[in-house]
2 protein chains.
Amino acid sequence: MIKKIRTTPRREASLSRDRIVEASIELLDRNGEAGLTFRALSERLATGPGALYGHIANKDDLLIAACDAIVARTMSECAIGATPQATLRAMALGMFDTIVAHPWVGSALTRALGQLPIVRLLERTGQQVGALGVPEDEQWAAVSALLSYILGVGGQNAVNGQLARARDIDRSTFLEGLSTTWSQLDPQTYPFTRRVAGRLRSHDDRADFLAGFDFILRGIERSSS
Amino acid sequence: MIKKIRTTPRREASLSRDRIVEASIELLDRNGEAGLTFRALSERLATGPGALYGHIANKDDLLIAACDAIVARTMSECAIGATPQATLRAMALGMFDTIVAHPWVGSALTRALGQLPIVRLLERTGQQVGALGVPEDEQWAAVSALLSYILGVGGQNAVNGQLARARDIDRSTFLEGLSTTWSQLDPQTYPFTRRVAGRLRSHDDRADFLAGFDFILRGIERSSS
DNA sequence: GCCGCCTATGGAACGACGTTCCATGCATGT
DNA sequence: ACATGCATGGAACGTCGTTCCATAGGCGGC
């Protein structure tokens, strides 16, 4: 059973997986994860919802494809550093910035278990960890730790961004509210949380992310030395 | 404007937030995140969907409340170790096992940004990091890194569990499929992924998780020494 | 001990979603 | 030129979260 491929498109700019993915990214960027709808998407592409299913299995498939397009772009853009550490940090920061710019990528990534966008991250991380001199039988643990951290922070930033859009409040006002909520907790059971509540207002997510990434890198280096 | 509180319930076992949360947990454990539905929930509680909104703001609120009940239970159960490191590892492993047992907790946690269940984790982690001797102005970075890692792994395990339930396949057969997919990737662009594909079948998630956690712990100790 | 208020209740209804289905029409092979 | 088969796209289906409102039952005032 050979699957016939139509050589020429039905019309000049007919439906294609790429065109659908591209339009999906625009919708996701404009209105967040809730903005990607088969109705909105078909309207933007001047077609019906049913037509999309000829190129896409379902919504998850579409979301992961859109996510992969963004991740692939980020991977190709972020710099190769002089050392494996520098390259890893550049990749991590690139992903961080990408997720801040496209919060939906963060939540899509957490659902893409083992699929293409994750494999891209896995591969680049694995190559650099190998270049670090980590013994082969310890590489998986190191790579898995770095990836889990990136995905974890990314997921948090995703809700962060989506939440800010939903209530359309500024990020600083959200942190302000969280800070006052935390500072009103019971001093007996939540001393630490109360103590850091004040710092919440002025902290730098990006710097914190990088600091955490460096913790893991140092831990890996120390483990294999 | 004083809010009147009804002193006695309407009936013997009337609706209450606790009863709703308890029933939600049962539904979530039985059928995963898709199993929590206002219709199924109201049927189980012998009431109508509208009645629930007297005790619960919306579905997110309910999901986070259910998540918090589980997290609180885990926090109270996991052991206090002899050293701060041991306590932190016990807490991390406790959360790992909890999310394996209740995969929906993993995805609920990623959406609970700054809310009660997260605060519980934050507080315990913060206290132990303080006990580790980390200087006060470095504690936030350390705690944030540990938490992000736990949430990241948890989120991955969440989809892992939900996916296994959805396709009702064994976890090992899923890994088998992923392994063969990865081993068929292009050797030029995906050498690392191909190399670890074989190891995928036999790896131990729990051990990997603990190894990653220890990377961060070592990195923190090394940083502040 | 009775009655009117007020709130918790629960069933129906609404709008939107993902997905399926099928009549239609165009491009292709003969 | 014709028949065939597939991509198309609009309608329809079932389900979801949420809202609305008629109802009923406990509680305070008499």
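The shown structure was predicted, so the numbers you read here are calculated from the model rather than taken from an experiment. Lettering of chains follows the sequences in order, A, B, ..., and the numbering in each one begins at 1.
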Look at A:His55 and D:dA7 and indicate whether a side-chain polar atom (N or O) is within less than 4.0 Å of OP1 or OP2.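 Looking at the OP1 and OP2 atoms of D:dA7, neither is under 4.0 Å from any side-chain N or O of A:His55.
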Please check the phosphate of D:dG9 (OP1 and OP2 only) for any side-chain N or O of A:Thr47 closer than 4.0 Å.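 Answer yes for this pair, as a side-chain N or O of A:Thr47 is under 4.0 Å from OP1 or OP2.
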To the nearest angstrom, how far is [X] atom [atom1] from [N] atom [atom2]?
X       : N      : atom1 : atom2 : answer
A:Ile56 : D:dT8  : CD1   : P     : 12 Å
B:Leu52 : D:dC20 : CG    : C1'   : 15 Å
B:Ile20 : C:dA8  : CD1   : P     : 12 Å
B:Leu45 : C:dA8  : CG    : P     : 17 Å
B:Leu41 : C:dG10 : CG    : P     : 12 Å
B:Glu43 : C:dG10 : CD    : C1'   : 14 Å

Please list, chain by chain and in numerical order, all residues satisfying side-chain contact (heavy atoms from CB on, under 4.5 Å) with A:Ile56, sequence neighbours excluded.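 Once residues adjacent in sequence are excluded, the partners of A:Ile56 under the side-chain contact (heavy atoms from CB on, under 4.5 Å) criterion are A:Ile20, A:Asp61, A:Leu62.
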Pair A:Phe96 and A:Phe213, ring centroids less than 6.0 Å apart: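 No, the ring centres sit 6.0 Å or more apart.
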Are the aromatic rings of A:Phe215 and B:Phe215 close, with centres under 6.0 Å apart? no
Mind grabbing the angle between the end helix axes of the helix from C:dG1-D:dC30 to C:dT30-D:dA1? Five pairs an end, 10° rounding. 10°
How would nucleotides 12-19 of chain C be written as a contact map, 5' to 3', with B for base contact, S for sugar-phosphate-only contact and - for no contact, using protein heavy atoms under 4.0 Å? -----BBB
Side-chain donor/acceptor pairs under 3.5 Å, residues 140-148 of chain B, sequence neighbours excluded:
unit_1, atom_1, unit_2, atom_2, d
B:Trp140, NE1, A:His203, ND1, 3.4
B:Trp140, NE1, A:Asp208, OD2, 2.9
B:Ser148, OG, B:Ser144, O, 2.9

Check ion pair B:Arg73-B:Asp68 (N to O, under 4.0 angstrom):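 Answer for the salt bridge query: no.
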Show, in sequence, the C-alpha distance, side-chain angles and deciding distance for A:Thr173 and A:Asp170, and conclude whether the side-chain hydrogen bond (donor to acceptor under 3.5 Å, both in side chains) test is met. CA-CA 5 Å; A:Thr173 47; A:Asp170 190 283; 4.7 Å; no
Of all pairs that satisfy salt bridge (Lys or Arg N to Asp or Glu O under 4.0 Å), the ones with a partner from residues 191-202 of chain B, not counting sequence neighbours: A:Glu136-B:Arg195, B:Glu176-B:Arg201
By the side chain to side chain donor-acceptor pair (under 3.5 Å) test, which pairs, at least two apart or in different chains, include something from residues 88-112 of chain A?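 Side chain to side chain donor-acceptor pair (under 3.5 Å) check on residues 88-112 of chain A returns A:Asp29-A:His102, A:Asp29-A:Trp104, A:Glu33-A:Ser107, A:Glu33-A:Arg111, A:Thr74-A:Thr98, A:Arg89-A:Asp214, A:Asp97-A:Arg206.
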